[in-house]
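Right, one structure below, let's go through it.
Below, all heavy atoms of this structure are taken into account, side chains as well, without hydrogens, waters or symmetry copies.
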Amino acid sequence: MIRSVVRGFGAALPKRVMTNGDMEAIVDTSDEWIVQRTGIRQRYLAGDDETTASLGEAAARAALANGGLTPADIDLIICATSTPDNTFPATAVNIQNRLGMRHGFAFDVQAVCTGFVYAVTTADAYIRGGLAKRVLVIGAETFSRILDWNDRTTCVLFGDGAGAIVLEAGEGEGTVADRGVLTAHLRSDGSHKEKLYVDGGPSTTGTVGKLRMEGREVFKYAVGMITDVIQAAFDSTGTTADDLDWLVPHQANRRIIDGSAKKLNIDPAKVVVTVDLHGNTSAASIPLALATAAGDGRIKKGDLVMLEAMGGGFTWGAVLLRW
């Protein structure tokens, strides 16, 4: 059977680093408060010359180079983002143009922090359906552009960045020993919209708007929703937490990450954590974490890797793949 196998990975971060100490000069907060409640120590912020598309392009080029590929080898680009350069065209089309790619097709996926999980699942469906052989899957965000910098409960949480992987069609035997995407489980529940949303948009206010979040409410639901889809991935493949080599979660909050791993009996040593370095980069957080852990040699060929995320909407999902 056809499997969607990771061929390459890459990441890109803005030039500017903002530490918790820097945040203290902007809002009434402290490094101790931020670290204790979130695990975040710094984040990267896009400059005037950096956008979601430019960061996405850089991550895409890094993933192509890592996989020994060029844009000519790609059939489809999917970009997960909630902070596009323009309302339209899609940021993926913008990146396609920046790569000098005049063939294939490109589109965006919008599922906020779960966006990369949705995008990987979508790419897998296109590959297994025979509509594409190689897909460039990108998560790219500039959340700093939609933050209320007077709201100390949200502005300290988010950062900018991009990550990417190349998925390509490979042969599998139909067992969990196959390399590639093994299973995916996606969920959403729009009744939770008011807990995490942006208070603007083309069809409502005609403005971009700012991010609004009921942090305690999000935290209350997060661990349960995340463990739901991870357990579904285990059940559908006959695997358990003991079989897992790495959990690569959405990097929103260290307490949510730790709580989810504990509830599922996943060894903390198997959890990739980059929230301290990047903050919450929404759809970019999982590919950034993947690039970090694969780049430093932790994630190796043949490892069983679980990706999971929860985001505004609410949306949540998990993908189990063999690297």
Evaluate the side-chain proximity of M18 to I26: yes if any heavy-atom separation is below 4.5 Å, no if none is. yes

Is the closest basic N to carboxylate O distance between K262 and D258 below 4.0 Å? no

So, T81 versus D108: side-chain donor-acceptor pair below 3.5 Å or not? no

Can you tell me how far apart OG (S236) and CG (L320) are? Round to the nearest 0.5 Å. 7.5 Å

If you round to the nearest 0.5 Å, how far is CD1 of I40 from CZ of F158? 8.0 Å

From CD1 (I230) to OG1 (T227), nearest 0.5 Å: 7.0 Å

Considering all heavy atoms, the nearest A241-L264 contact: CB-O, 3.5 Å

Evaluate the side-chain proximity of T83 to E141: yes if any heavy-atom separation is below 4.5 Å, no if none is. yes

Do we see a donor-acceptor contact under 3.5 Å between the side chains of T19 and D22? yes

At what distance, to the nearest 0.5 angstrom, does CZ of R134 lie from CG of D73? 5.0 Å

For A62 and G10, which heavy atoms make the closest approach, and how far apart are they? CB-CA, 3.7 Å

Angle between ring planes, H192 versus F314, binned at 30° and 60°: parallel, tilted or perpendicular? parallel

Donor-acceptor pair between T292 and T274 side chains, under 3.5 angstrom: no

Taking 4.0 angstrom as the limit, do K300 and D245 come out as a salt bridge? no

Heavy-atom count around R254 CZ within 6.0 Å, excluding the residue itself: above 12? no

CG/D75 to CZ/F105 distance, rounded to the nearest 0.5 angstrom? 7.5 Å

So OG1 of T281 and CD of Q251: to nearest 0.5 Å the spacing works out to 8.0 Å

